[in-house]
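Okay, so here's the structure we're looking at.
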Amino acid sequence: MSSDEIKEEGLDPEDWEALRLLGHRMVDDMVAYLRTLRERPVWRSVPTETRERLRAGLPEEGEDPERIYNEFVNHILPYPTGNLHPRFWGWVKGTGTPFAMLAEMLAAGMNCNVQGFDDSASLVEEQVISWFKSMLEYPREASGLLVSGCSMANLVGLAVARRQHAGADAQRAGLSSLARPMTLELLGLGSDALRLIETDDRFRIDLNALARAIARDRASGCQPFCVVGNAGSVNTGAIDDLAALADLAEREGLWLHVDGAFGAWAFLCDEYRAALKYMARADSLAFDLHKWMSLPYEIGCTLVRDDAAHHTAFDFAADYLKAVPRGAAAGGVRFSEYGLQLSRGFRALKAWMSLKEHGRRKLARQVAQNIAQARYLASLIAAAPELELLAPVAMNVVCFRYAQPGASEAESARINREVLFRLQEEGTAVCSSTMIRDRFALRVAAINHRSRRADYDALVAAVLRLGRALV
Ligand SMILES: Cc1ncc(COP(=O)(O)O)c(C=O)c1O
C-alpha cells in the first residue's frame, strides 16, 4: 500500500466534548467515592463474574469510552485491597489524598519524561528533593532521586555502596573480577552474603553482634562493605541506634545505608528527633512518600551524601543523551544518570502539590496523630486481659494477639489467624500478621490519616468478639 492510500489517524478522541463530559463525571464519581469510603466494607473478595471479565482477551476493535468507564465503575472500583479505608492498617499501605489524585491526572496529562532536561518537571523534581532534604535535615549538597518506592530506593543506595567499595573493575568486569567475593542478590552479590544481625529486647540491631559478624567475615576472607540500619523496622517499628551504627560504620570503613521507608518521617515530631537525627550521617537514606506522606502510589526517594559517588554508580549515558549547553536537552540534574530508569514519569508533581497543600506542620501533626493512635491501641490492649501485646510500641506499629489462657503457641496461632481472616472477610478492618519471636501476631501499622480513635475501639471490640467465639 502506498503512503497516500493509508488513511492517516491518531489516538485523540473524535468527540472531544463527549470526552470532556465523561472526564467531569469521572472526577465527580471519584470525589464521591473518596467522601463515602467509611460507608463501605474495608475489603471484599472479587466476585466470580468480575474475575472472569478480568481474564477476557484483548478486543480487536476499540470500544466506547463510556462503556469502558462503566465497566471500571462496576468491576474494578468496588474491589480494591482497601487501603483508603479508615480501618485499614495492614502491611504498610498508604492512604493517598483527593488532591494528590488530581495531581496524578495533571501529571498524566502532561506526560513528561523527567530526565533532567530544560523543562519545568525536572525543576519540580529538584525542588521536592530539596524539600525532603530540608524536612529530614539531610545535607543540602546530597544528591537525590525519586523512584517507585523504598525497595527501589534501597537498591539505588546499595548500588552506590557497592560501586564505591568494589571500584570500577567490578563495574566493568562484574563481581567475579574481585579477588574475594563480596556480599546481595540483585546486585550480583548472592543472598548468602547477607548477614542478618540479631536484635536486642527492643528489636534493634545488636551492635556487638554486628561488630562480631564483621570481624568474622573479614577473618574468613570476605569483604563486608555496607551496614544497613532501620529508621522504623517493618515488623515492629523499632528504630536502630543510628548514632552508634554511624560510629561503627565510620570506624570500620563501611557504607551506612538507612532504610526509613515510613519511619524517617517521625523525624517531623519533636519526640523522635533525637533518635532520628543521625539519619543525616547515613551515606544513603531511602524512604517512601506513598506511605506516611499519604501520596498515591508510586513514589519513594533515595538521598546520597556524596553526589559524585551517586553519579559514578549510574553514569552510563550514551552519546545521544549527553548534556548539551543549549536547547531542550540542556538542563540541571540529569536524573537518568542517577538511577536505573531512563524514562521516568512525573512523580514529583503529586509530591509538589501535596506538600504545598498541607505544609510541613500539618504533615508533622498527621504523623504525631498516628503515633498517638498506636499508643491508644496499646493502652486498649493493656486494659483487656484477653489481649496481649507482643512487642514494645516504639512508634506506630502494634503487634498483639488474642490470648487464650493455657493455649499452646500452635493453638494461639490458629485462633489469631482465624481472627485475622474473619476481620477482613466481614469487612470490619484489615490488619496484617507477622511472627514476633516465633509467636503469631496481629499487626497494625498506623499510617492512615483517615483513622480515628473510634476505629481502634471498633478493632479491639471485633478482635475480642471473634476471639471469644473461636475459643
Ligand atoms: C522498612 C521498609 N523498608 C522497605 C519497604 C519497601 O518499600 P516499598 O513497598 O515502597 O517498595 C517497606 C515496605 O513496607 C518497609 O516498611
Side-chain angles (χ1 to χ4, degrees), residues 80-84 88-96 100 128 132 136 144-159 161 184-187 191 194 196-197 199 202-205 226-242 245 256-267 272 275-276 278-279 282 284-303 339-341 344-345 347-348 350-351 354 367 370-371 374 391 393-399 430-436 441 443-448:
T81 321
N83 47 308
L84 279 64
F88 187 102
W89 303 289
W91 304 275
V92 198
K93 288 195 195 282
T95 322
V128 294
F132 299 152
L136 299 172
L145 185 78
L146 295 186
V147 292
S148 56
C150 203
S151 305
M152 189 55 77
N154 284 333
L155 183 62
V156 169
L158 295 182
L184 268 160
E185 210 162 312
L186 265 175
L187 295 166
S191 51
L194 175 68
L196 293 175
I197 308 298
T199 51
R202 289 162 61 191
F203 297 89
R204 304 172 312 168
I205 286 184
C226 180
V227 171
V228 180
N230 249 300
S233 69
V234 192
N235 241 10
T236 63
I239 302 170
D240 287 326
D241 184 344
L242 299 177
L245 272 183
L256 175 62
H257 175 81
V258 171
D259 177 343
F262 59 96
W265 296 108
F267 183 72
Y272 284 83
L276 290 170
Y278 301 101
M279 289 188 302
S284 49
L285 174 64
F287 51 90
D288 265 318
L289 287 309
H290 57 214
K291 293 190 165 78
W292 230 345
M293 286 294 104
S294 297
L295 287 179
Y297 287 96
E298 307 165 334
I299 179 165
C301 182
T302 313
L303 300 177
L340 298 162
Q341 280 182 276
R344 308 174 66 255
R347 294 188 173 100
K350 59 191 169 192
S354 201
V367 170
N370 286 144
I371 294 171
V393 178
M395 199 165 21
N396 62 332
V397 178
V398 183
C399 293
V430 171
C431 29
S432 51
S433 64
T434 189
M435 298 301 290
I436 300 289
R443 179 177 162 284
V444 166
I447 55 162
N448 189 327

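Keep in mind that the numbers below use all heavy atoms, side chains included, and drop hydrogens, waters and symmetry copies. Computed from a predicted model, the values in this text were never measured in an experiment. Whatever order the structure lists ligands and atoms in, that order sets their numbers, starting from 1.
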(request) Run down the list Met152, Lys93, Glu298, Lys291 and name the one with the heavy atom closest to atom 8 (P) of ligand 1. (result) Lys291
Which residue and non-hydrogen atom of the protein lie closest to [atom], and at what distance in Å?
atom                    : result
atom 2 (C) of ligand 1  : Ala261 CB, 3.2 Å
atom 4 (C) of ligand 1  : Asp259 OD2, 3.4 Å
atom 11 (O) of ligand 1 : Ser151 OG, 2.6 Å
atom 10 (O) of ligand 1 : Asp288 OD2, 2.6 Å

(request) Please confirm whether the backbone N or O of Arg204 pairs with a side-chain atom of Asp240, one donor and one acceptor, at under 3.5 Å? (result) no
For ligand 1, find out whether one of its N or O atoms is nearer than 3.5 Å to an N or O atom of [X].
X      : value
Ser233 : no
Asn154 : no
Asn230 : no

(request) Mark up the atoms of ligand 1 that fall under 4.0 Å of a heavy atom belonging to Phe262, in ascending order. (result) 16 (O)
(message) Distance under 4.0 Å to a non-hydrogen atom of Val92: what atoms of ligand 1 satisfy this?
(response) 14 (O), 16 (O)
(message) With the threshold set at under 4.0 angstrom, would you say Gly232 reaches ligand 1 through any of its heavy atoms?
(response) yes
(message) Once you measure the plane-to-plane angle for Phe287 and Trp265, does it fall in the parallel (<30°), tilted (30-60°) or perpendicular (>60°) bin?
(response) perpendicular
(request) Please identify each residue that fulfils ring-ring contact (aromatic ring centres under 6.0 Å, His included) with Phe88, with sequence neighbours left out. (result) none
